[in-house]
2 protein chains.
Amino acid sequence: MKRESRLVRWIWWAVVVTAFFLVGFSIGWLAKRSDAATNNHKALSKYLKEFMNEMQTDQIREHLRKFTRLPHLAGTEQNLKYAEQIMKEWQDFGLDSVEMVPYDILLSYPNKSQPNYISIVDHIGNEVFNTSLAEPVPQGYEDISNIVPPYSAYSPKGHPEGDLVYVNYGRTEDFIQLKREMDIDVTGKIVIVRYGKIFRGNKVKNAMLAGAKGVIMFSDPADYWATGVQPYPDGWNLPGGGVQRGNVLNLNGAGDPLTPGYPAKEYTFRLNLEEGVGLPKIPVHPIGFHDAIHLLKNMGGQIPPNNWKGALNVSYKTGPGFTEDFHSHKVRINIHSNNQVTRIYNVIGKIRGALEPDRYVILGGHRDAWVFGGIDPMSGAAVVHETVRSAGKLLRKGWRPRRTVIFASWDAEEFGLLGSTEWAEDNARLLQERAVAYINADSAIEGMYTLRVDCTPSMHTLVYDITKQITSPEEGEEGVSLYESWHKRDNWTNDRDAPRISKLGSGSDFEAYFIRLGIAAGRARYTKNKKTERYSSYPVYHSVYETFEIVEKFYDPTFRRLRAVAQVRGGLIFLLADSQVLPLDATEYADSLRKYAQSIAHLAQTNTEQMEMYKVSFEPLFSAVENFTAAASDFHERLQTLNRKDPLQVRIMNDQLMYLERAFIDPLGLPGRPFYRHVIFAPSSHNKYAGESFPGIYDALFDIENSADPEKAWQEVKRQISIAAFTVNAAAVTLTPPA
Amino acid sequence: MKRESRLVRWIWWAVVVTAFFLVGFSIGWLAKRSDAATNNHKALSKYLKEFMNEMQTDQIREHLRKFTRLPHLAGTEQNLKYAEQIMKEWQDFGLDSVEMVPYDILLSYPNKSQPNYISIVDHIGNEVFNTSLAEPVPQGYEDISNIVPPYSAYSPKGHPEGDLVYVNYGRTEDFIQLKREMDIDVTGKIVIVRYGKIFRGNKVKNAMLAGAKGVIMFSDPADYWATGVQPYPDGWNLPGGGVQRGNVLNLNGAGDPLTPGYPAKEYTFRLNLEEGVGLPKIPVHPIGFHDAIHLLKNMGGQIPPNNWKGALNVSYKTGPGFTEDFHSHKVRINIHSNNQVTRIYNVIGKIRGALEPDRYVILGGHRDAWVFGGIDPMSGAAVVHETVRSAGKLLRKGWRPRRTVIFASWDAEEFGLLGSTEWAEDNARLLQERAVAYINADSAIEGMYTLRVDCTPSMHTLVYDITKQITSPEEGEEGVSLYESWHKRDNWTNDRDAPRISKLGSGSDFEAYFIRLGIAAGRARYTKNKKTERYSSYPVYHSVYETFEIVEKFYDPTFRRLRAVAQVRGGLIFLLADSQVLPLDATEYADSLRKYAQSIAHLAQTNTEQMEMYKVSFEPLFSAVENFTAAASDFHERLQTLNRKDPLQVRIMNDQLMYLERAFIDPLGLPGRPFYRHVIFAPSSHNKYAGESFPGIYDALFDIENSADPEKAWQEVKRQISIAAFTVNAAAVTLTPPA
């Protein structure tokens with residue numbers, strides 16, 4: 001018995017010891033800091049909720065107020081002061097680091113002692129009419145100095161004089177129509193075009209190519225008046241004395257015109273002005289419609305076709321009170337602006353990633369404004385500021401995102417996306433290897449209707465997800481999600497039952513990140529009702545009337561729309577930075593690629609005969625899209641069974657997601673546009689604002705019916721199809737298992 | 001007492017339980033599969049030793065014997081057969097996957113029914129002398145068919161006839177000397193140059209630029225005879241009937257001439273032949289010195305300067321038995337070769353990485369040969385084969401490297417590095433994101449003296465480390481390491497007390513990987529004594545005399561030299577693939593950068609006056625090198641304290657090491673050479689074989705004293721210094737902490 005009891009006791013001991021060992025082992029095993037554990041979904045969504053709830057309408061209002069009191073044009077002292085203030089406040093909010101990053105770039109300013117203007121000149125050379133030298137300053141801002149008068153940045157100096165020819169919006173098709181239907185040659189003439197439809201730089205380029213010796217741009221009420229709305233300050237329409245400023249460059253993504261491809265540092269080699277990239281060679285000047293009407297009456301009998309008639313040319317032909325007659329007078333553009341290398345300042349703030357500090361999620365928007373920047377860009381900058389404040393709060397509560405978040409306040413966007421492009425050039429290597437996504441933060445509002453999102457296809461799902469977690473800012477929609485509110489107002493046309501998301505074009509700071517470097521990118525803002533509101537952008541765009549008050553009184557009195565935009569932009573950043581698995585969706589890219597391929601093939605089909613003759617086939621492209629589709633769906637299937645506890649396996653699949661966008665970059669760039677390197681998306685060659693899909697093929701097909709050498713033209717189409725097919729195939733391979 | 005004893009017992013229990021808990025906890029903690037644990041240094045060096053010991057001289061001998069029996073020119077059936085055999089054997093050796101990857105590229109072959117040759121033509125058009133149509137076939141190979149006769153691949157068809165001008169090696173400086181000192185214009189003439197000193201494609205380019213209408217190349221005994229050595233088969237010198245084949249392209253890294261920048265797949269768009277990249281526009285043909293002497297006697301009285309006299313022109317001027325006199329006769333080149341798009345095959349084998357399958361270490365070398373390829377390339381291919389066999393053995397023992405290893409048997413290297421470049425283009429995205437290093441495996445032996453290594457600076461330390469673990473193959477050096485043996489024979493000149501390592505030039509398959517994509521690269525082979533053996537490459541280079549026997553009888557009878565090369569190449573691959581922390585050394589890069597900067601600044605100093613006039617300063621470059629040096633040394637200091645148990649932290653620093661080489665890539669490429677994108681290294685513009693450091697600056701400075709527009713020329717120097725400074729600075733930043 002004793003023996004047995006000893007044995008029992010011994011067994012008992014062994015069991016207990018083993019049990020405690022196992023308990024210890026298990027706790028030891030589990031206690032080891034596991035990647036998966038620190039990133040569990042619950043913690044993520046709790047912090048996301050806190051992050052978004054912390055964003056406050058009052059705060060956004062205050063940020064906007066603070067940064068719109070004074071004009072802060074790029075390169076001016078005031079814009080440096082705002083930069084310093086932002087740096088200081090971001091530090092106070094709790095970012096890990098904030099720095100100013102200067103570049104010395106080519107800017108363009110009017111000459112303070114010799115104003116720019118346009119004259120009507122009689123046959124003995126007298127200026128019988130001059131356009132205004134400035135916009136009437138809005139109430140409350142009368143004592144403000146340093147309001148830059150309306151001008152076209154980078155216009156060369158000069159005093160070209162000549163007959164005036166009206167060319168509608170100055171689009172490629174307008175110049176074609178002018179030549180083909182009206183048989184008017186603009187060589188040696190002054191061209192007048194209305195603002196709208198396309199980027200103003202493209203208008204100037206078209207005029208130059210057509211041989212014009214100067215360009216006048218004006219805002220026609222047909223394009224800059226919303227129906228039933230009063231001019232500012234009684235409403236948000238453009239007053240007759242209001243003028244749209246803007247640069248007239250054709251940079252094609254080069255950044256600073258004197259340092260294409262390289263950051264404009266002190267030691268950087270600079271081209272001579274004459275070699276500068278994208279600089280217009282003829283004088284250009286913008287005017288408002290009170291001035292424009294006088295010039296339009298002086299068109300030497302040119303009768304515009306019906307489809308060219310805006311509000312102004314209709315009225316001058318038919319309206320009452322038409323007394324002036326300057327026929328046979330000439331028009332002179334007087335430009336004394338200076339191009340000068342000037343220091344600008346980006347502000348770069350960072351939150352160091354806890355686990356993957358070498359993965360960057362970027363929220364960037366510009367700070368420089370033509371005048372006060374009430375809408376453009378400070379409605380966006382205020383939103384970024386609030387995002388930083390809220391992130392800082394979270395940091396203090398112990399949160400730290402998995403990846404590094406970079407906040408950027410860009411300078412000199414208005415001069416050709418220069419601050420953001422120089423920084424992209426400066427950090428190209430880091431960005432190429434490490435950037436997960438770029439979210440742009442230009443103007444947060446351009447209308448009062450609903451959300452507008454342009455982004456890379458792989459972000460579609462993420463955008464829908466985040467908007468479902470945000471409340472609609474619209475009155476009477478309490479408890480309705482932003483997604484529902486948006487969906488109701490702007491359903492994706494035909495394609496699918498979801499809110500519309502569009503392609504990225506350009507005209508804002510994401511360009512270098514998306515189109516040159518191939519970083520997944522997106523932008524979000526509040527917009528107008530596209531179906532019913534036909535005016536261009538928003539009426540007071542780039543005028544002195546972009547004040548704090550126009551936002552507070554008209555666009556977003558409760559600041560709830562801006563908060564909603566802050567939550568969308570901030571939410572995107574949050575999920576991109578903190579999700580264990582990157583919230584990017586390759587299958588959405590596949591769907592978009594199929595759509596784009598069908599659409600470009602459809603476009604080509606108008607030339608079936610020639611396509612047969614030159615043996616042009618889209619088959620390789622369609623087959624590539626099929627390969628991509630299969631690879632994408634396989635990838636996401638494998639993602640389901642990913643062992644999330646293995647940090648390397650997670651990293652490997654995340655890298656595939658991160659580098660997917662990069663796979664569409666062709667290092668050789670698009671024909672003649674070395675800095676536009678994305679094979680799927682590029683700014684349209686005819687309108688920088690618009691995005692074109694398969695731009696290489698599109699440009700090769702453009703106006704091919706009238707090609708001088710059809711054989712050669714169709715060879716180029718074939719070459720571009722081949723490049724597109726290869727690129728899509730190569731992108732597909734990046735999604736397959738890495739070995 | 002009972003109570004106390006209970007208490008004691010209780011305490012005793014608690015202690016025991018706690019102890020066991022702690023033991024369990026600790027084991028649990030430690031048992032958790034840790035990255036560091038699986039990769040500990042001991043296991044690594046044990047496996048490395050096994051890997052290298054497994055490599056056998058007999059096996060290498062057998063591989064070489066097997067793959068040199070028949071001619072296997074790129075695009076021929078036999079080369080496909082060898083590809084299939086290699087694929088099959090690699091599969092048998094145990095690789096995880098092996099595949100054939102075909103491309104359809106432009107190749108060039110002599111016309112079988114109309115041979116190429118050169119004639120001396122008398123004044124009525126009779127061919128009074130014709131060069132040989134083939135080399136005398138070596139003994140034992142008399143019945144072999146498909147030996148391609150000597151030709152210059154890609155020479156256009158044609159029959160240019162004209163006076164003969166001798167231009168030494170056809171180097172840039174030779175043409176300059178011809179013009180400046182001898183005042184001879186080669187326009188419309190046939191140029192004859194001797195092989196050696198520079199890549200033959202550069203000779204042809206120079207002749208074209210000078211206006212010649214045809215080029216003849218010959219091997220002069222002065223350049224292709226080693227002293228005291230008999231011609232093959234009695235020794236390893238080139239027989240008088242032996243001729244060097246070779247392509248005469250100037251591709252500048254473009255790959256297939258018809259598909260620059262893109263892989264030559266079935267659907268790929270192809271340029272027309274006339275637009276093809278790098279194709280010579282004038283007929284070219286190579287001859288041996290038995291034929292050359294007849295032509296050299298026909299130079300119309302041209303008296304070469306002393307420094308141009310090889311063995312042949314000296315002898316014909318002064319030697320006895322000089323009876324021919326073809327003066328006033330002309331020379332005609334008869335070329336009937338065809339360019340044709342032909343299918344080639346790379347063989348790609350893989351070992352999947354255990355922990356980081358998405359990190360690639362590549363060992364690649366070509367398989368195609370001009371004839372048997374006894375040295376070039378099969379001495380290298382045999383070494384790769386043995387490396388694969390040995391790796392397969394290790395795999396079966398349970399070893400699996402941390403990273404993926406890729407073995408490549410390239411096709412069509414002899415036609416312009418085409419197989420390797422097409423594959424690089426095809427996989428550019430994967431390689432850019434994932435490739436750790438590329439080790440090249442062309443000819444493993446070109447001499448019998450010591451080791452020769454050319455590699456990126458960051459591999460210096462690794463090369464020294466591995467060679468210390470390998471035994472010298474030299475007789476009488478048992479127990480001496482390869483490092484010591486090498487060190488003794490070829491110490492780094494002046495600089496440091498270590499064996500010499502050189503820059504990478506080009507002329508082999510690493511080019512696209514290193515110069516275009518920026519992947520750390522290196523090559524190793526056995527070489528001659530550079531100080532005493534002054535002949536060019538090795539005498540029988542690219543002739544029919546490159547047989548198995550020349551290796552077995554002369555170059556490496558014991559096959560120990562080839563085994564040593566296998567161990568170097570294999571050892572590099574092993575350590576790059578399996579070390580937990582990548583064995584790359586940024587501080588070595590810093591040292592090299594400093595040397596290069598000093599050397600290019602020194603070169604410029606010959607023009608001090610002009611440098612002052614145009615304000616040219618190397619200061620930004622030196623300052624960038626300082627920044628890089630500091631960043632590199634900080635990086636390696638941080639590496640010391642890296643927590644090797646944290647897989648993400650290890651990966652992050654490894655990524656910094658991997659992407660360091662990539663940081664030197666300028667996406668815009670070098671001026672006029674878009675596929676040469678490495679700012680620190682490029683093939684010399686004057687000799688593809690040679691590597692130039694800071695090639696952009698070098699080319700801008702070249703012959704600047706004689707520039708037509710010095711202002712513009714010096715501006716270009718300044719631009720290139722600025723680009724170099726920026727690139728080095730940007731590379732430095734990639735080494736700093738990522739956030």
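A note on names: the letters A, B, ... follow the listed sequences, proteins ahead of strands, and every chain is numbered from 1. Side-chain atoms are counted along with the backbone in the values below, which use heavy atoms only and exclude waters and symmetry mates.
Not counting sequence neighbours, A:Trp12 has no partner by the ring pair (Phe, Tyr, Trp, His ring centres under 6.0 Å) test.
Residue B:Arg270 does not touch chain A at all, counting heavy-atom pairs closer than 4.5 Å. Contacts between B:Asp426 and chain A at a heavy-atom distance below 4.5 Å involve backbone atoms as well as side-chain atoms. Within the 4.5 angstrom heavy-atom criterion, no atom of A:Gln720 approaches chain B. For a residue to count as touching a neighbouring chain, one of its non-hydrogen atoms must lie under 4.5 Å from one of that chain's; by this rule A:Ile665 touches chain B with the backbone only. If you measure heavy-atom distances from B:Thr404 to chain A, the contacts under 4.5 Å come from the side chain alone. Only the side chain of A:Leu668 comes within less than 4.5 Å of a heavy atom in chain B; its backbone stays farther off. Only the side chain of A:Asp655 comes within contact range of chain B, judged by heavy atoms closer than 4.5 Å.
Judged by distance alone, the side chains of A:Tyr267 and B:Asn729 do bring a donor and an acceptor atom under 3.5 Å apart.
Within the structure, salt bridge (charged side-chain N to carboxylate O under 4.0 Å, His left out) contacts touching residues 711-727 of chain B (residues at least two apart or in different chains) are B:Glu716-B:Arg719.
Look at B:Arg429 and A:Asp666 and you find no salt bridge, because none of the NZ, NE, NH1 or NH2 atoms lies under 4.0 Å from a carboxylate O.
Judged by distance alone, the side chain of B:Tyr262 and the main-chain N or O of A:Ser722 form no donor-acceptor pair under 3.5 Å.
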